[in-house]
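Notes to accompany the following structure.
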Amino acid sequence: MLDRAERYLRLHGRLLDRLRFEALFKGGSRQRVLDVLRCYQNPSDGGFGHALEPDLRGSGSQPEPVEVAFWILDELDAFGSPMVPAACDYLTQVSAPDGGVPFVLPSVEEEVSAPWWRTDDDPPGNLIPTASIAGLLHKHRITHPWLATATDFCWSRIAELKETSPYEARAVMTFLDLVPDRERAEAEFARLREAILATVTFDLDADGPVHFPLDFASAPLRLPLFTQDVLDAHLDALESGDKWEANWLIWTPVVEHEWGGHIAVERLKTLRAYGRLRG
């Protein structure tokens with residue numbers, strides 16, 4: 001599988017994902033990944049752009065690419081990078097009055113992006129991506145003024161949830177799995193578990209923009225969202241496959257390759273996290 005993935009990445013992947021693969025699975029340089037990732041960060045405000053999130057094609061900073069960057073820093077255990085406080089300063093600048101960062105900023109209208117990246121002129125904070133970003137900062141014990149306000153926002157919004165959507169549920173799971181207040185996290189998880197499971201697609205043959213168990217649990221969770229037999233069935237399917245194309249709308253040709261390389265690395269990480277892949 002590693003050989004197939006390496007060939008796929010050489011044919012389709014962007015430099016960032018090829019270097020991630022080399023660093024994670026071939027003993028390559030992690031510093032080179034950080035050097036490339038830094039090119040996606042805007043020195044003027046500390047945010048990330050330049051199609052780090054492939055469906056946001058513009059150079060301007062947006063909140064969601066910060067999450068993408070933080071997941072890469074997480075896999076490299078590189079939250080000591082100066083990119084982190086600079087990005088947190090950016091999040092402080094763009095946060096809504098409620099303490100969360102919006103799903104997308106109105107400046108997206110000035111850029112080229114997928115049709116679903118749209119918003120009102122004064123968007124409120126959103127659990128996507130606030131909850132995932134806050135969870136990762138807590139995991140790495142980062143101290144920054146933005147985090148306390150964002151954490152309060154997440155607790156408040158999560159407490160209001162009764163139903164949810166797949167992307168929101170995934171952000172909520174990241175936050176609840178990583179936040180230090182375990183008693184509160186476990187209580188909210190117990191309350192929301194069935195609502196979160198309602199957003200999951202368990203049918204291995206389902207196609208289209210669906211979200212499978214391993215999208216929610218790309219590595220073992222502290223919170224018992226799925227039984228082991230469910231995880232094993234989906235890991236078996238992942239282990240036997242070698243298709244890494246996105247299952248959502250490909251609205252311009254280049255994103256098929258950019259997402260494909262990203263997905264390939266993410267799936268290999270998942271197999272290794274569950275002991276299905278050495279390296």
Side-chain angles (χ1 to χ4, degrees), residues 14-17 19-20 23 29-114 117-154 157 167 171 174-175 178-179 258 262:
R14 22 178 209 182
L15 177 62
L16 175 65
D17 295 316
L19 292 177
R20 291 173 64 208
S29 168
R30 297 190 172 209
Q31 185 58 50
R32 292 190 73 200
V33 182
L34 297 177
D35 290 343
V36 173
L37 181 61
R38 194 174 296 108
C39 295
Y40 291 92
Q41 189 170 36
N42 287 311
S44 59
D45 60 16
F48 288 84
H50 308 279
L52 180 59
E53 204 288 1
D55 289 325
L56 289 168
R57 306 303 305 170
S59 61
S61 299
Q62 287 287 341
E64 180 56 35
V66 176
E67 180 187 353
V68 177
F70 278 12
W71 281 114
I72 295 172
L73 293 169
D74 174 70
E75 74 188 19
L76 300 174
D77 194 21
F79 264 70
S81 168
M83 286 186 275
V84 173
C88 289
D89 289 345
Y90 164 74
L91 296 172
T92 300
Q93 297 168 24
V94 301
S95 288
D98 57 19
V101 292
F103 170 64
V104 64
L105 302 174
S107 56
V108 74
E109 303 290 348
E110 304 166 8
E111 307 272 12
V112 177
S113 65
W117 289 103
R118 296 292 179 268
T119 187
D120 296 330
D121 291 338
D122 190 21
N126 199 305
L127 286 168
I128 313 167
T130 308
S132 297
I133 293 173
L136 287 167
L137 290 169
H138 280 300
K139 175 182 178 180
H140 293 276
R141 300 181 179 182
I142 300 301
T143 301
H144 190 279
W146 178 81
L147 182 56
T149 304
T151 300
D152 289 343
F153 166 84
C154 291
R157 285 296 179 88
Y167 284 113
T174 298
F175 179 80
L178 298 177
V179 71
E258 294 187 354
H262 177 83

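These numbers come from a predicted model, not from an experiment.
Here W71 pairs with nothing under the ring pair (Phe, Tyr, Trp, His ring centres under 6.0 Å) rule; sequence neighbours left out.
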Does L137 form a side-chain contact (heavy atoms from CB on, under 4.5 Å) with V84? I'd like the steps, not just the answer. CA-CA 9 Å; L137 290 169; V84 173; 4.0 Å; yes
Would Y167 and L127 satisfy side-chain contact (heavy atoms from CB on, under 4.5 Å), going step by step from the backbone distance to the final call? CA-CA 9 Å; Y167 284 113; L127 286 168; over 6 Å; no
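Between V36 and R20, the closest side-chain pair of non-hydrogen atoms is not below 4.5 Å. A 4.5 Å side-chain heavy-atom check between T130 and F175 finds every atom pair outside the cut-off. Using a 4.5 Å heavy-atom cutoff, the side chains of L52 and L16 are in contact.
Across E53, Q62, R118, a single residue satisfies side-chain hydrogen bond (donor to acceptor under 3.5 Å, both in side chains) together with S113, and that is R118.
In terms of heavy atoms, V33 sits closest to A23 at CG2-CB, 3.9 Å. In terms of heavy-atom proximity, F70 sits nearest to L136 at CB-CD1, 3.8 Å. For P63 against I133, the heavy-atom pair with the smallest separation is O-CD1, 4.0 Å. Across every non-hydrogen atom of E111 and G58, the tightest pair is OE1-CA, 3.0 Å. Closest approach of N42 and G60 over heavy atoms only: ND2-C, 3.8 Å. Considering every non-hydrogen atom in both S107 and S61, the closest pair reads OG-O, 4.4 Å.
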Name every donor-acceptor pair, under 3.5 Å, that has one atom in a side chain of residues 95-104 and the other anywhere in the protein, sequence neighbours excluded.
from	atom 1	to	atom 2	distance (Å)
S95	OG	L91	O	2.7
S95	OG	W146	NE1	2.9
D98	OD1	G100	N	3.1
D98	OD1	G125	N	3.3
D98	OD2	G125	N	3.0
D98	OD2	R157	NH2	3.1

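Note that CZ of F48 is 5.5 Å distant from CE of M83, once rounded to the nearest 0.5 Å. S81 OG to I72 CD1: the interatomic distance, rounded to the nearest 0.5 Å, is 11.5 Å. Interatomic distance, CZ of R14 versus CG of L19, reported as 11.5 Å (0.5 Å rounding). We find the OG-CG distance between S132 and D74 to be 11.5 Å, quoted to the nearest 0.5 Å. Distance check: L73 CG to L37 CG gives 5.5 Å after rounding to the nearest 0.5 Å. Atom-to-atom distance recorded for C88:SG and I142:CD1 is 7.5 Å, nearest 0.5 angstrom.
Applying the salt bridge (Lys or Arg N to Asp or Glu O under 4.0 Å) test to pairs two or more places apart or on separate chains, those with a residue in residues 54-64 are R57-E258.
Judged by distance alone, with hydrogens and angles left aside, the side-chain atoms of N126 form a donor-acceptor pair with the main-chain N or O of I128 at under 3.5 Å. Within the 3.5 Å criterion, the main-chain N or O of G46 finds a donor-acceptor partner in the side chain of Q41. Side chain of D121 to backbone of P106: no donor-acceptor contact under 3.5 angstrom is found.
For the pair R38 and D35, the salt-bridge criterion is met [side-chain N within less than 4.0 Å of a carboxylate O].
Within a 6.0 Å sphere centred on CZ of R32, heavy atoms belonging to other residues, nucleotides or ligands number 12 at most.
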